[in-house]
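Below: the structure, in structure tokens.
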Amino acid sequence: MIIKLTRDNFNFRFKQYEGMFFQADINEGSEVIKYKITKDKEGLELKEFGNTHIKENDMLYIPQIEAYIDLKTIK
């Protein structure tokens, strides 16, 4: 999954992430989701990386930008 981080789609307060890309592999059997935030869609220029998890109602939390992604709208 690759999502461009824009203020139109997410209500986050850290301006330095605007226009960057959130990239994650979601495996059905795992509770931990490894992700990275990159400057480019190809994922070559790394800005941040980490682990997160899916909350109830298919909401994925991104700690760096303090925002949730509704996976129902992405899939």
Side-chain angles (χ1 to χ4, degrees):
M1 159 173 57
I2 299 174
I3 301 169
K4 187 169 186 174
L5 300 173
T6 65
R7 289 188 181 260
D8 295 336
N9 297 331
F10 302 101
N11 183 18
F12 57 89
R13 59 175 105 153
F14 301 113
K15 209 172 188 181
Q16 72 262 27
Y17 294 104
E18 189 166 6
M20 296 202 181
F21 294 88
F22 174 81
Q23 302 185 13
D25 293 321
I26 299 175
N27 298 322
E28 299 278 332
S30 177
E31 291 184 20
V32 176
I33 297 169
K34 294 183 182 191
Y35 70 88
K36 61 184 177 178
I37 298 174
T38 62
K39 295 180 181 180
D40 60 327
K41 190 173 186 177
E42 294 76 29
L44 302 176
E45 289 188 61
L46 183 65
K47 171 88 172 158
E48 305 267 350
F49 66 93
N51 296 324
T52 190
H53 60 282
I54 298 175
K55 301 241 180 207
E56 40 206 68
N57 300 328
D58 288 331
M59 298 296 286
L60 177 68
Y61 181 65
I62 306 173
Q64 275 85 358
I65 64 172
E66 295 183 8
Y68 287 91
I69 297 173
D70 185 354
L71 295 177
K72 292 177 203 164
T73 61
I74 302 296
K75 291 182 179 181

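- More than 12 non-hydrogen atoms from other residues, nucleotides or ligands lie less than 6.0 angstrom from OH of Y61.
- The CD atom of Q64 lies 10.0 Å from the CD atom of Q16; values are rounded to the nearest 0.5 Å.
- At most 12 heavy atoms of other shown residues, nucleotides or ligands fall within 6.0 angstrom of atom CD in E31.
- Here the side chains of F22 and I69 are in contact, with some heavy-atom distance below 4.5 Å.
- For the atom pair CG (D58) and CD1 (I26), the distance works out to 9.0 Å, reported to the nearest 0.5 Å.
- A pairwise comparison of heavy atoms in D25 and I33 identifies O-CG2, 3.8 Å as the closest pair.
- Using a 4.5 Å cut-off on side-chain heavy atoms (C-beta onward), Y17 and K47 make contact.
- The shortest heavy-atom contact between E45 and D40 is N-OD1, 2.9 Å.
- Heavy-atom contacts from other residues, nucleotides or ligands closer than 6.0 Å to NZ of K4 number 12 or fewer.
- Closest approach of G43 and T38 over heavy atoms only: CA-CG2, 3.6 Å.
- A pairwise comparison of heavy atoms in I2 and Q23 identifies CG1-CG, 3.9 Å as the closest pair.
- E18 has its side chain out of reach of M20: every pair of non-hydrogen atoms, C-beta onward, lies at least 4.5 Å apart.
- Atom CG in N51 sits 6.0 Å away from atom NZ in K34 (nearest 0.5 Å).
- What you find for M1 and L71 is that their closest heavy atoms are CE-CD2, 4.0 Å.
- Criterion: ILVMFWY side-chain heavy atoms under 4.5 Å apart, direct or through other members. Under it, Y35 and Y68 are not part of a common hydrophobic cluster.
- Summarising the geometry, atom CZ belonging to F21 is positioned 8.5 Å from atom CG belonging to L5; distances are rounded to the nearest 0.5 Å.
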